[in-house]
Amino acid sequence: MTTPTSTVSPDTVGILFMAYGGPETLADMPGYLADIRAGRVTPDTVLEEITNNYRQIGGRSPLPEFTRAQVDATMQALAATDRPLKAYIGMRHWTPWIEDTVRQMLDDGIRKAVAIVLAPHFSSMSVAKYQKKIKAGLEMHHGHIDFEFVNQYHTEPGYITALAQRVREGIQSFPQSEQDEVHVVLSAHSLPVRITREGDPYADQLLESARLVTQQAGLSEEQWSWSFQSAGRSPEPWLGPQLDEHLRALAEKGVSRVVSVPVGFVSDHVEILFDIDIAAQEVAHELGMTLVRPPALNTDPLFIGTLASVIERKVASL
Ligand SMILES: C=CC1=C(C)c2cc3[nH]c(cc4nc(cc5[nH]c(cc1n2)c(C)c5CCC(=O)O)C(CCC(=O)O)=C4C)c(C)c3C=C
Ligand SMILES: [Fe+2]
Ligand SMILES: [Fe+2]
């Protein structure tokens, strides 16, 4: 049982921002992978491969830094809210662990809170797991906080417009005479195929975002396609097509100019900086294809405005 020291006024609403978590040094890698792989032993070859991927993007994950910047910007956007708010950060797979942050919230005397994951699409294998960690933290520390959960925000206008702008920016980076030939590939993290049989909404929500983005960007059906990326290294089948095989199929159809816009990730990290900017770029190069990836959302004011707006609505309902 924790003893609240009540460092906040009783009506303060805690805003718990949750993200995947990322290693801050290469030495963190075995522990980080052990957590992601739920304690299953990581084969040496996989450890070496993933460590090497991180080495190529600077030896650490930029995700913690971008998360802090997104949280600061969102709290600034929420500054005019008439309730006192206090921001907290909890990571699923690395420090600061969600359970420890929940303990901090209890210690501070937080009684009501909003929890949001920096991932717009709901899945039993992603957002639901973050939410379970909050419940585990409350049980572990024998405390109670009234939580409002943001489950998804994949159709929010600011998020869609920010991505549609990325699509247009990518197309416009090609000479005007080539722009009609450009093909846009939207993507998101793959998950095991079994989730679809289990009725998970993830794949449908991704396609819903993709349709809204491409409609707003004014693309015809032929000008864009969908692909999954970054499938895990486990023997079961994962949702496809994977980005590399999809690029090969597009090349066979004569596509040679591609804009890659990942819609499920909201900041730069290894799945973008390595899986797209290095691995997919290598495939594109081998195919004689030009691949452009516009910047990730990071602290784009439209995206930050989206986070602020969904949080504000939940705060109002507490
Ligand atoms: C929607 C689900 C997932 C998102 C989003 C996601 C983002 C994400 N992943 C990494 C890094 C790694 N992920 C790894 C495995 C892995 N990832 C997911 C799901 C999402 N990840 C699953 C289901 C798994 C498999 C877990 C298992 O039990 O094996 C790994 C481990 C190596 C591997 O299997 O490839 C890494 C590393 C980042 C940085 C990230 C960013 C938000
Ligand atoms: Fe992952
Ligand atoms: Fe991953």
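Note that ligands are numbered from 1 as they come in the structure, with each ligand's atoms numbered from 1 the same way.
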Ligand 1 contact on [X] by region, counting heavy-atom pairs under 4.0 Å:
X	value
Ile36	both
Ile50	side chain
His121	neither

Relative to the heavy atoms of [X], which atoms of ligand 1 are at a distance of less than 4.0 Å?
X	result
Met125	23 (C)
Val270	39 (C)
Gly232	33 (C), 34 (O), 35 (O)

ILVMFWY network linking Val167 to Val258, side-chain heavy atoms under 4.5 angstrom:
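No; tracing contacts between hydrophobic side chains, which count when under 4.5 Å, never links both residues.
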[atom]: which protein heavy atom is closest, and how many Å away?
atom	result
atom 37 (C) of ligand 1	Leu33 CD2, 3.6 Å
atom 11 (C) of ligand 1	Glu271 OE2, 3.3 Å
atom 13 (N) of ligand 1	Tyr20 OH, 3.0 Å
atom 6 (C) of ligand 1	His189 CD2, 3.2 Å
atom 41 (C) of ligand 1	His269 CE1, 3.2 Å

Look only at the side chain of Thr290 and the backbone of Arg257, and say whether a donor-acceptor pair between them is shorter than 3.5 Å.
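It does not hold such a pair.
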For Gly90 and Ile98, work out which heavy atoms get closest and say how close.
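Shortest heavy-atom separation between Gly90 and Ile98 comes out as C-CG1, 3.5 Å.
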Looking only at non-hydrogen atoms, find the nearest pair between Ile134 and Ala115 and report the distance.
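For Ile134 versus Ala115, the nearest heavy atoms are CD1-CB, 3.5 Å.
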Per atom 33 (C) of ligand 1, closest listed option by heavy atom (Arg92, Arg233, Arg37, Glu49)
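It is Arg233 that holds the nearest heavy atom.
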Have a look at Tyr202, Trp238, Tyr32, Phe228 and point out the one with the heavy atom closest to atom 1 (C) of ligand 1.
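Minimum heavy-atom distance to atom 1 (C) of ligand 1 goes to Tyr202.
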Does ligand 1 have an atom that lies less than 4.0 angstrom from a heavy atom of Phe122?
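No; Phe122 lies far enough from ligand 1 that no heavy-atom distance drops under 4.0 Å.
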If you measure from each heavy atom of Arg40 to ligand 1, is any distance below 4.0 Å?
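It does; at least one heavy atom falls under 4.0 Å.
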So His93 and Tyr32, would you call those rings parallel, tilted or perpendicular, with 30° and 60° as cut-offs?
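It falls in the perpendicular class, over 60°.
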Using a strict cut-off of 2.8 Å, how many protein N/O/S atoms surround the Fe ion (ligand 3)?
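Considering protein N, O and S only, the Fe ion (ligand 3) has 2 within range.
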Apply the side chain to side chain contact (heavy atoms under 4.5 Å, CB included) test between Leu219 and each candidate in Glu222, Gln216, Gln223; give the one that qualifies.
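Passing option: Gln223.
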OG on Ser309 to CG on Leu302, rounded to 0.5 Å:
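Between atom CG of Leu302 and atom OG of Ser309 there are 11.5 Å.
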